[in-house]
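Take a look at the structure below.
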Amino acid sequence: MATRLKPPIDPDDALATTLENAARDDDGAIARGHLTAGFPIYYSEADTPAGAIIKEYPGGRRELVSLDREGEHFVQAIV
């Protein structure tokens, strides 16, 4: 029997709705601004493995990381 996982964000939650609306209207300007200022950005794509997110550095390097209460953990480089 397959285990069914709960979505990471409850779709009925007001915060989830706010985040979804912001993402839908995003043109990438804020992310580009962070990269230009020398800061990494974090995001996911449709094929990002469960439990991981993409960390992109200003120079273009990308890696999968996971986050927990102890901090950020390197998973693997994305080439």
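Values below: all heavy atoms of this structure, side chains included; hydrogens, waters and symmetry mates excluded.
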Looking only at heavy atoms, what is the nearest atom pair of [X] and [Y], with distance?
{"X": "Phe74", "Y": "Val65", "answer": "CA-CG1, 4.3 Å"}
{"X": "Leu64", "Y": "Ile54", "answer": "CD2-CG1, 4.0 Å"}
{"X": "His73", "Y": "Asp68", "answer": "NE2-OD1, 2.9 Å"}
{"X": "Gly51", "Y": "Ser66", "answer": "O-CB, 3.4 Å"}

Hydrophobic cluster identity match, Tyr43 and Leu35, side-chain contacts under 4.5 Å: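 In one cluster with Tyr43: Leu35, yes.
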Determine whether Tyr57 and Ile53 fall in the same hydrophobic cluster, where Ile, Leu, Val, Met, Phe, Trp and Tyr are linked whenever their side-chain heavy atoms lie under 4.5 Å apart.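 No, Tyr57 and Ile53 fall in different hydrophobic clusters.
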Spell out, as yes or no, whether a donor-acceptor pair under 3.5 Å connects the side chain of Arg61 to the backbone of Ala77.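 Side chain of Arg61 to backbone of Ala77, a donor-acceptor pair under 3.5 Å: no, none is there.
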Taking atom CZ of Phe39 as the centre, does the number of heavy atoms from other residues, nucleotides or ligands within less than 6.0 Å exceed 12?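 Incorrect, the count does not exceed 12.
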Heavy-atom count around Leu67 CG within 6.0 Å, excluding the residue itself: above 12?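 Buried by this count: over 12 neighbours within 6.0 Å.
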Quick one: which residue pairs count as a salt bridge (charged side-chain N to carboxylate O under 4.0 Å, His left out) with a foot in residues 41-55, not counting sequence neighbours?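 Residue pairs with at least one partner in residues 41-55: Glu45-Arg62, Lys55-Glu72.
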